[in-house]
K.L.:
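Below is a structure I'd like to ask you about.
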Amino acid sequence: MEEVRQVKQRILSGIQPTGVFTLGNYMGAITNWEQMQEDYDCAYFIADLHSLTVRQEPAQLRKHTMEAFALLLACGIDPERSLVFVQSHVHTHAEMSWILNCSALMGELGRMTQFKDKSAKHADNINAGLFTYPVLMAGDILLYQADYVPVGADQKQHLEFTRDLAERFNHFYGNVFKVPDGYFPKAGARVMSLQDPTSKMSKSDPNPNAYISILDDRNVIINKFKRAVTDSETEIVYREGKDGINNLITIYSVMTGKSFAEIEKEFEGKGYGVFKLAVGEAVADKLQPIRDEFNRLIADKKYIEETMAVGAERAYKISRRTLDKAKKKVGLLMP
Ligand code: TYM
């Protein structure tokens, strides 16, 4: 009998190089990315063009981009199995973004909560890029005809916008884009700050005790968990109103693979101090091999640059097909 080759579904996702990744990035996105390599055709990239929406120190941005790329590899993203590249190395992204900008509506972009938050935070630099950021992101996804986009909960609105934009474009110009679905982790889609468990853990937080960077050393990690803000009760249970403890239980569950019920049982009658130490140790243990691999990779600049170049060339070949199709459909005269 003739063998039918099963074509794998495509995954695409990106991360900004605005500093070392946090435990939130790791739990909300990168662990899923790593696991999905087995069953899907995956593409992951460093979203450096996105980072320009906030003023960056140029030398720092270059350094962070190299580091972010090395970190992705250190987290288990395998360039032999997955496509890994830097966004600005593939010019189709910026081109696609312009074409899509002409189908995106001011009203829908103005409703994006991330735009509202970032405009409030950077009131002296509310640039047009900050406003059209979701269009660039939609282009990233649609260029690769992605089936699923694994992201944390904070990107949900951008994903819905991408779907609306793809449907609108397809409606006016014919079927060009696959309409993608978001893919969110069961636990860890929204890891909270250790200092204010009602707000998201973020690498741009001015207080470094609020987040775990995945390159923090063991003692730093343990100390940050010891200082984590919780509540004035004593019970380790997952319950509404216990934001700090809920966050720690979620982190411990993702790090150890234990269920919430198992964790509650393990720490029954034990105090917050014992629990916080256990969470800190579990996180430090999990991140140690990533730190070691990062240190090895970052010393090998040549390997990183070669891997980036191979990724950029492959990404260009794939994305150019969609870009050319979109250009023809909107009526641009092809050379
Ligand atoms: P970025 O760089 O802010 O974050 C990268 C990924 O980490 C997730 N994340 C979190 N998940 C759980 N808890 C948290 N506290 C937490 N903080 C961050 C984010 O949801 C994201 O999945 N716009 C994107 C980058 C991007 C992109 C794309 C993503 C550009 N183009 C195309 C997917 C597809 C961003 O700024 O992510």
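Counting starts at 1 for both ligands and their atoms, in listed order. Computation of the quantities below employed the complete heavy-atom set of this structure, encompassing side-chain atoms and omitting hydrogens, waters and symmetry-equivalent molecules.
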K.L.:
Using a plain distance cutoff, I'd like to know if G24 has any nitrogen or oxygen under 3.5 Å from a nitrogen or oxygen of ligand 1.
P.N.:
yes
K.L.:
Should the proximity of H50 to ligand 1, defined as any heavy atom under 4.0 Å, be assigned to the side chain, the backbone, both, or neither?
P.N.:
side chain
K.L.:
Is it the case that ligand 1 has an N or O less than 3.5 angstrom from some N or O of M192?
P.N.:
no
K.L.:
Near R320 CZ, under 6.0 Å, is it more than 12 heavy atoms from other residues, nucleotides or ligands?
P.N.:
no
K.L.:
Just which atoms of ligand 1 are under 4.0 Å from any heavy atom in V149?
P.N.:
33 (C), 34 (C)
K.L.:
Would one find an N or O of D140, backbone or side chain, under 3.5 Å from an N or O of ligand 1?
P.N.:
yes
K.L.:
Give the atoms of ligand 1, by number and element, whose distance to some non-hydrogen atom of Q16 is under 4.0 Å.
P.N.:
2 (O), 35 (C), 36 (O)
K.L.:
Check whether the ring centres of H158 and F115 lie less than 6.0 Å apart, and answer yes or no.
P.N.:
no
K.L.:
Do the rings of W33 and Y44 sit parallel, tilted or perpendicular, given the 30° and 60° boundaries?
P.N.:
parallel
K.L.:
Which of the numbered atoms in ligand 1 are below 4.0 angstrom from a heavy atom of A189?
P.N.:
11 (N), 12 (C), 13 (N)
K.L.:
Counting each atom of ligand 1 from 1 as listed, which ones have a heavy atom of A29 under 4.0 Å away?
P.N.:
6 (C), 7 (O), 22 (O)
K.L.:
Any N/O of M201 closer than 3.5 Å to an N/O of ligand 1?
P.N.:
yes
K.L.:
Parallel, tilted or perpendicular for F275 and Y252, by the 30°/60° rule?
P.N.:
perpendicular
K.L.:
Quick one: nearest non-hydrogen protein atom to atom 18 (C) of ligand 1, plus distance?
P.N.:
N25 ND2, 3.2 Å
K.L.:
May I have the step-by-step check of side-chain hydrogen bond (donor to acceptor under 3.5 Å, both in side chains) for Q87 and D140, ending in yes or no?
P.N.:
CA-CA 8 Å; Q87 187 185 29; D140 299 335; 3.0 Å; yes
K.L.:
Does any N or O of ligand 1 fall below 3.5 Å from an N or O anywhere on Q114, backbone included?
P.N.:
no
K.L.:
Any N or O on M137 sitting closer than 3.5 Å to an N or O of ligand 1?
P.N.:
no
K.L.:
If I apply the N/O under 3.5 Å rule, does S13 come out as touching ligand 1?
P.N.:
no
K.L.:
Mind checking whether Y133 has an N or O less than 3.5 Å away from an N or O of ligand 1?
P.N.:
yes
K.L.:
Would you say the side-chain atoms of S88 and D48 include a donor-acceptor pair closer than 3.5 Å?
P.N.:
yes
K.L.:
What are the atoms of ligand 1, with element, lying closer than 4.0 Å to any heavy atom of F45?
P.N.:
28 (C), 31 (N), 32 (C)
K.L.:
Looking only at protein heavy atoms, which one is nearest to atom 15 (N) of ligand 1, and what is the separation?
P.N.:
V191 O, 2.8 Å
K.L.:
With backbone taken as N, CA, C and O and side chain as the heavy atoms from C-beta onward, which portion of I141 lies under 4.0 Å from ligand 1: side chain, backbone, both, or neither?
P.N.:
side chain
K.L.:
Please name all residues satisfying salt bridge (charged side-chain N to carboxylate O under 4.0 Å, His left out) with K325, sequence neighbours left out, ordered by chain then number.
P.N.:
none
K.L.:
Sorted by first residue and then second, give each ring pair (Phe, Tyr, Trp, His ring centres under 6.0 Å) pair with at least one member in residues 176-213; sequence neighbours left out.
P.N.:
F169-F177
K.L.:
Taking only heavy atoms of G188 into account, list the atoms of ligand 1 that are under 4.0 Å away from them.
P.N.:
12 (C)
K.L.:
Counting heavy atoms only, name the option from S193, G19, G14 that's nearest to atom 25 (C) of ligand 1.
P.N.:
G14
K.L.:
Run the numbers for me: atoms of ligand 1, each under 4.0 Å from some heavy atom of A47, listed by number.
P.N.:
30 (C)
